[in-house]
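Chain letters run A, B, ... following the sequence lines, proteins first, then strands; residues in each count from 1. Every heavy atom of this structure was used, including side-chain atoms; hydrogens, water molecules and symmetry mates were not.
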Amino acid sequence: MRPLTKPLPRDFYARPTIEVARDLLGCHLCHRLPDGELLVARITETEAYDGPSDSACHGAKGRTARTDVLFGPPGHAYIYLIYGMYELFNVVTDRDNYPAGVLIRGIEPVLGEARMCQLRPVPRRNLCNGPGKLTRAMNIDRRYHGLDLTTGDTLWLSEGASDENYRIESGPRIGIDYADEIHRLAPWRFWLAPPPN
DNA sequence: CCGGCGATGGTCT
DNA sequence: GACCATCGCCGGC
């Protein structure tokens, strides 16, 4: 069965960020490598960062050169370097001039797994189960910062195969100890969990 | 399996 | 000069 690779339209991203974060679970992240190989992965974990009043959101501290894209129109890539080593991939959501986005925290290979293992040679269960790991496995970095994700050209997202067996769970976001308690505890992290079965 | 800790560089004060 | 939306290593159980 071929993975679905038609890019999600702008309207998908131009909605409240928490809705987008939930709906991105099960969607596909697609990257056409420079040599033509296509990498596709299923999104399994996300986090919502919603607006200037969310003290965990980069946009809460004001618009700077670094966060400019986050304030821009939805459907673009917001990618930044953290801890001097790791590139984190986000999609910009909601409306223009409102800083909000969804961090992609976990994926599973769908197509091009051998290439991903080459890009990140570690045991398979550690391949892409973290925001800094998956960018390495998918060869995504800041050269795509600000890129329009709706064109389906080199980097985009698409509807995944429907999978009603998996449940959506939620909990607090990770690594935001600096935020106010109300935002530290907000259940704005979402992940796909196997059926209780 | 789990917790502590250091690496490392761009951004902002 | 501090901070940081992480990760892998190391040691202890």
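Counting to the nearest Å, the C1' atom of C/dT6 and the CZ atom of A/Arg189 are 14 Å from each other. Going from atom CD of A/Glu87 over to atom C1' of B/dG9 covers 11 Å, rounded to whole Å. When rounded to the nearest whole Å, the span between CG of A/Leu103 and P of C/dC7 equals 10 Å. Summarising the geometry, the separation between CD1 on A/Ile82 and C1' on C/dT6 is reported as 8 Å, rounded to the nearest angstrom. As rounded to whole Å, 15 Å separates atom C1' of C/dA5 from atom CZ of A/Phe190. Straight-line distance from the CG atom of A/Leu88 to the C1' atom of B/dT11: 15 Å, rounded to whole Å. Remark: C1' of C/dA5 and CD of A/Glu45 are 12 Å apart, rounded to the nearest angstrom. Atom CG of A/Asp180 is separated from atom P of C/dA5 by 14 Å (rounded to the nearest Å).
Comparing C/dG8, C/dC7, C/dA5 against the side chain of A/Tyr86 picks out C/dC7 as the nearest. For A/Leu70, the listed nucleotide lying nearest its side chain is C/dA5; candidates were C/dA5, C/dC7, C/dG8. When distances run from any side-chain atom of A/Ile176 to the nucleotides C/dC7, C/dA5, B/dG10, the shortest one goes to C/dA5. Distances were taken from every side-chain heavy atom of A/Leu81 (C-beta onward) to each of C/dG8, B/dG9, C/dT6; the shortest belongs to B/dG9. Comparing B/dA7, C/dA5, B/dG9 against the side chain of A/Tyr80 picks out C/dA5 as the nearest. Closest approach to the A/Arg120 side chain among C/dG8, C/dA5, C/dC7 is made by C/dG8 (side chain taken as heavy atoms from C-beta onward).
Across all strands, A/Ala56 comes closer than 4.0 Å to base atoms (heavy-atom distances). A/Asn126 comes within contact range of no nucleotide atom at all, as no heavy-atom separation falls under 4.0 Å. Using a 4.0 Å heavy-atom criterion, one finds that A/Gly132 contacts the sugar-phosphate atoms exclusively. Within 4.0 Å of A/Arg142, counting heavy atoms only, lie sugar-phosphate atoms of the nucleic acid but no base atom.
Note on A/Lys61: every side-chain N or O is 4.0 Å or more away from OP1 and OP2 of B/dT11. Contact annotation: A/Arg173 does not reach the phosphate of C/dT6 (side-chain N/O to OP1 or OP2, under 4.0 Å). Taking 4.0 angstrom as the limit, A/Arg105 places a side-chain polar atom (N or O) nearer than this to OP1 or OP2 of C/dT6. At C/dC4, none of the side-chain N or O atoms of A/Tyr178 fall inside 4.0 Å of OP1 or OP2 (strictly under the cut-off).
Remark: A/Ile182 CD1 is loosely packed, at most 12 non-hydrogen atoms of other residues, nucleotides or ligands lying under 6.0 Å away. For A/Arg120, the CZ atom is densely surrounded, since the number of other residues' heavy atoms within 6.0 Å is greater than 12.
Two rings, from A/His76 and A/Tyr13, have their centers 6.0 Å or more apart.
Taking the ring axis of A/Phe89 as reference, the NZ or CZ atom of A/Arg143 does not stay both within 45° of it and closer than 6.0 Å to the ring centre. Taking the ring axis of A/Tyr178 as reference, the NZ or CZ atom of A/Arg184 does not stay both within 45° of it and closer than 6.0 Å to the ring centre.
In this structure C/dG1 sits in a base pair with B/dC12, meeting the Watson-Crick or G-U test at under 3.5 Å. Nucleotide B/dG6 forms a Watson-Crick or G-U wobble pair with C/dC7, both donor-acceptor distances falling under 3.5 Å.
Looking at which nucleotide of DNA chain B each of A/Met85 and A/Thr64 is closest to, the 5′-most match is held by A/Met85.
Under the 4.5 Å side-chain heavy-atom criterion for ILVMFWY residues, a single connected hydrophobic cluster contains both A/Leu149 and A/Ile140.
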